[in-house]
*Asks:* 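Here's a structure for you.
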Amino acid sequence: CVGPDACFDIEDAKREYRDKVNFEYIENINDKIVELLIQRKIVARASGGMEFGARALGNRSILASPDDMRIINKINAAIKKRDFWMPFAPAVLEDKLEIVVDVPKSLKECYSPYMMFTFNVKPEMADKIIAGVHQADKTARAQTVNPKIYPEFYDIISKFYQKTGIPVVLNTSFNLHGFPIVLGACDSVDVFLNSELDVLAAGKWLITRK
């Protein structure tokens with residue numbers, strides 16, 4: 001996470017978009033995100049430093065509950081416009097990975113923090129993370145979330161796990177189809193308003209449409 005903080009321009013966003021969205025400061029924002037995920041809401045999250053690389057790993061991500069296949073169509077209709085058969089990535093608590101997928105010996109130490117490997121999903125977990133499973137071969141391009149590297153994202157998934165028994169949330173990059181991933185608060189609100197995402201969490205600010 002080497003880039004700008006997601007809220008470096010939050011005051012600018014408040015001025016520019018005050019007539020279009022509500023800004024609510026929530027100290028325990030992770031608890032609120034989990035509550036919304038359980039309600040089957042699609043949550044855009046922009047938090048902490050911007051990531052560098054090929055994947056959005058939680059800090060500039062769209063999150064959803066993974067246990068309903070219909071969420072794929074909902075996300076695609078809201079923002080992504082991807083082919084219907086393309087699953088989104090399951091972000092998994094690193095220490096619970098072997099509950100969800102079969103982990104080959106070659107990955108038992110490094111896991112998959114950058115969402116670059118696919119795994120065979122355990123049959124008993126396939127329905128619980130169905131929106132993150134490729135339906136042709138029952139594999140998942142999992143991201144393993146380490147509590148030291150991504151403590152806030154880990155906290156969200158951990159709390160979701162405590163309430164649902166599923167140590168996974170769905171993760172896809174926070175951007176309009178064909179556009180770059182959002183940078184800060186102004187970008188985030190602009191994309192939010194130009195999509196049908198349910199809610200935006202920018203740092204500790206919960207942002208909803210007026």
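All values reported here derive from a predicted model rather than from experimental measurement.
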*Asks:* Mark yes or no for whether Thr164, through its side chain, and Phe160, through its backbone, hold a donor-acceptor pair below 3.5 Å.
*Replies:*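 Side chain of Thr164 to backbone of Phe160, a donor-acceptor pair under 3.5 Å: yes, one is there.
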*Asks:* Check whether any side-chain heavy atom of Phe174 lies under 4.5 Å from a side-chain heavy atom of Leu63, and answer yes or no.
*Replies:*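 No, too far: nothing below the 4.5 Å cut-off.
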*Asks:* Is it the case that the side chain of Thr144 and the backbone of Ser112 share a donor-acceptor pair, with hydrogens and angles ignored and the cut-off at 3.5 Å?
*Replies:*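 Checked: pair present.
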*Asks:* Less than 3.5 Å apart, any donor N or O on the side chain of Asn120 or Thr139 sitting next to an acceptor on the other?
*Replies:*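 No donor-acceptor contact under 3.5 Å links the two side chains.
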*Asks:* With sequence neighbours left out, which residue pairs that include part of residues 2-15 fulfil the side chain to side chain donor-acceptor pair (under 3.5 Å) condition?
*Replies:*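 Output for this query lists Glu11-Lys14, Asp12-Arg15.
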*Asks:* I want to check a possible cation-pi pair here: Arg18 against Phe23, using under 6.0 Å from ring centre and within 45° of the ring axis as the test.
*Replies:*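 No; the conditions do not both hold, so Arg18 does not lie above the ring face of Phe23.
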*Asks:* Would you say the side-chain atoms of Arg60 pair up with the backbone N or O of Arg45, donor to acceptor, closer than 3.5 Å?
*Replies:*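 Side chain of Arg60 to backbone of Arg45, a donor-acceptor pair under 3.5 Å: no, none is there.
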*Asks:* Picking from Val92, Val168, Ile99, what satisfies side-chain contact (heavy atoms from CB on, under 4.5 Å) with Tyr161?
*Replies:*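 Among Val92, Val168, Ile99, the one meeting side-chain contact (heavy atoms from CB on, under 4.5 Å) with Tyr161 is Ile99.
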*Asks:* Can you check side-chain contact (heavy atoms from CB on, under 4.5 Å) on Gln135 and Ile130, steps first, answer last?
*Replies:* CA-CA 8 Å; Gln135 295 305 296; Ile130 191 167; 3.8 Å; yes
*Asks:* Measuring from atom CZ of Phe8 to atom CG of Leu183, what distance do you get when rounded to the nearest 0.5 angstrom?
*Replies:*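 It is 4.5 Å, given to the nearest 0.5 Å.
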*Asks:* Roughly how far apart are Arg209 CZ and Phe192 CZ, rounded to 0.5 Å?
*Replies:*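 The CZ atom of Arg209 sits 3.5 Å away from the CZ atom of Phe192.
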*Asks:* Evaluate the side-chain contact (heavy atoms from CB on, under 4.5 Å) criterion for residues Val43 and Ile62: first the C-alpha distance (whole Å), next the side-chain angles of each, then the deciding distance (0.1 Å), finally the verdict.
*Replies:* CA-CA 6 Å; Val43 181; Ile62 295 166; over 6 Å; no
*Asks:* Just by distance, do the side chain of Arg55 and the backbone of Met116 share a donor-acceptor pair under 3.5 Å?
*Replies:*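 Not confirmed, Arg55 side chain does not pair with Met116 backbone.
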*Asks:* Any ion pair linking Lys41 and Glu35 (charged N to carboxylate O, less than 4.0 Å)?
*Replies:*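 Answer for the salt bridge query: no.
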*Asks:* Do Ile207 and Val199 have side-chain heavy atoms sitting under 4.5 Å apart?
*Replies:*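 Sidechains of Val199 and Ile207: no contact.
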*Asks:* Under the side-chain contact (heavy atoms from CB on, under 4.5 Å) criterion, do Leu107 and Phe119 qualify, and how do the steps go?
*Replies:* CA-CA 10 Å; Leu107 294 178; Phe119 300 84; 3.6 Å; yes
*Asks:* Find the distance between CD1 (Ile166) and CD1 (Ile157) and round it off to the nearest 0.5 Å.
*Replies:*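 The CD1 atom of Ile157 is 12.5 Å from CD1 of Ile166, to the nearest 0.5 Å.
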*Asks:* Under the side-chain contact (heavy atoms from CB on, under 4.5 Å) rule, what do Leu93 and Leu97 come out as? Steps first, then yes or no, please.
*Replies:* CA-CA 6 Å; Leu93 298 175; Leu97 181 63; over 6 Å; no
*Asks:* Okay, side chain of Arg70, backbone of Ala131: is any donor-acceptor separation there less than 3.5 Å?
*Replies:*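 No: the side chain of Arg70 does not pair with the backbone of Ala131.
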*Asks:* Which heavy atom in Ser61 sits nearest to a heavy atom in Ala56, and how many Å separate them?
*Replies:*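 That closest heavy-atom pairing would be OG-CB, 3.7 Å.
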*Asks:* For the residue pair Pro90 and Gly132, what are the closest heavy atoms and their distance?
*Replies:*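 Heavy atoms only, the tightest pair is CD-O, 3.7 Å.
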*Asks:* For Val103 and Glu98, which heavy atoms make the closest approach, and how far apart are they?
*Replies:*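 Distance-wise, the nearest heavy atoms are CG2-CG, 3.5 Å.
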*Asks:* Between Asn22 and Tyr17, is there a side-chain donor-acceptor contact under 3.5 Å, judged purely by atom types and distance?
*Replies:*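 No, Asn22 and Tyr17 have no side-chain donor paired with an acceptor closer than 3.5 Å.
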*Asks:* Which pairs with one or both residues in residues 143-171 pass salt bridge (charged side-chain N to carboxylate O under 4.0 Å, His left out), sequence neighbours excluded?
*Replies:*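 Residue pairs with at least one partner in residues 143-171: Asp31-Lys159, Asp155-Lys159.
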*Asks:* How about Ser47 and Phe153: do any of their side-chain heavy atoms sit closer than 4.5 Å?
*Replies:*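 Heavy-atom side-chain distance check fails, nothing below 4.5 Å.
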*Asks:* Might you point out which heavy atoms bring Ala140 and Val121 nearest each other, and give the distance in Å?
*Replies:*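 Nearest heavy atoms, Ala140 then Val121: CB-CG2, 3.6 Å.
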*Asks:* Return yes if some donor-acceptor pair links the side-chain N/O of Gln143 with the main-chain N/O of Leu57 below 3.5 Å, else return no.
*Replies:*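 Side chain of Gln143 to backbone of Leu57: a pair is present.
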*Asks:* Taking atom types as modelled and ignoring hydrogens, do the side chains of Tyr150 and Glu51 form a donor-acceptor contact shorter than 3.5 angstrom?
*Replies:*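 Yes, a side-chain donor-acceptor pair sits under 3.5 Å.
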*Asks:* Does the pair Asp67/Arg40 count as a salt bridge with the N-to-O cut at 4.0 Å?
*Replies:*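 Yes.
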*Asks:* Are the side chain of Asp190 and the backbone N or O of Cys186 linked by a donor-acceptor pair below 3.5 Å?
*Replies:*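 The answer is no, because no donor-acceptor pair under 3.5 Å joins these two groups.
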*Asks:* Taking everything shown except Phe179 itself, do over 12 heavy atoms lie less than 6.0 Å from its CZ?
*Replies:*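 12 or below, so no.
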*Asks:* Does Asp198 reach the main-chain N or O of Ile42 with its side chain, forming a donor-acceptor pair under 3.5 Å?
*Replies:*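 Yes, the answer is positive, given that a donor and an acceptor are paired below the 3.5 Å cut-off.
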*Asks:* Under 4.0 Å between a Lys/Arg side-chain N and an Asp/Glu carboxylate O for Lys204 and Glu27?
*Replies:*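 Salt bridge flag = yes for Glu27 with Lys204.
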*Asks:* Taking the basic N atoms (NZ, or NE/NH1/NH2) and the acidic carboxylate oxygens, is any pair closer than 4.0 Å for Asp102 and Lys122?
*Replies:*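 Yes, Asp102 and Lys122 are salt-bridged.
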*Asks:* Please check if the side chain of Ser195 supplies one atom and the backbone of Leu197 the other of a donor-acceptor pair under 3.5 Å.
*Replies:*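 A pair under 3.5 Å: yes.
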*Asks:* Compare all side-chain heavy atoms of Asn171 with those of Met115 and state whether any distance is below 4.5 angstrom.
*Replies:*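 Side-chain contact under 4.5 Å: yes.
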*Asks:* If you define the side chain from C-beta out and look only at heavy atoms, does anything of Lys32 sit under 4.5 Å from Leu206?
*Replies:*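 Yes; the side chains approach each other to less than 4.5 Å.
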*Asks:* Name all pairs fulfilling the ring pair (Phe, Tyr, Trp, His ring centres under 6.0 Å) condition that reach into residues 94-118, sequence neighbours left out, sorted by first residue then second.
*Replies:*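 Counting only pairs at least two positions apart or across chains, no ring pair (Phe, Tyr, Trp, His ring centres under 6.0 Å) contact touches residues 94-118.
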*Asks:* Looking at OG of Ser65 and CD1 of Ile71, how far apart are the two atoms once the value is rounded to the nearest 0.5 Å?
*Replies:*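 So the gap between those two atoms works out to 7.0 Å.
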*Asks:* Can you tell me if Asn59 uses its side chain to pair, donor with acceptor, with the backbone of Gly49 under 3.5 Å?
*Replies:*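 Yes, Asn59 side chain to Gly49 backbone: donor-acceptor pair under 3.5 Å.
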*Asks:* As an exercise, state the distance from CD1 of Ile156 to CG of Asn30, rounded to the nearest 0.5 Å.
*Replies:*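 Between atom CD1 of Ile156 and atom CG of Asn30 there are 4.0 Å.
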*Asks:* Would you compute the distance between atom NZ of Lys74 and atom CE of Met69 and round it to the nearest 0.5 angstrom?
*Replies:*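 It is 15.5 Å, given to the nearest 0.5 Å.
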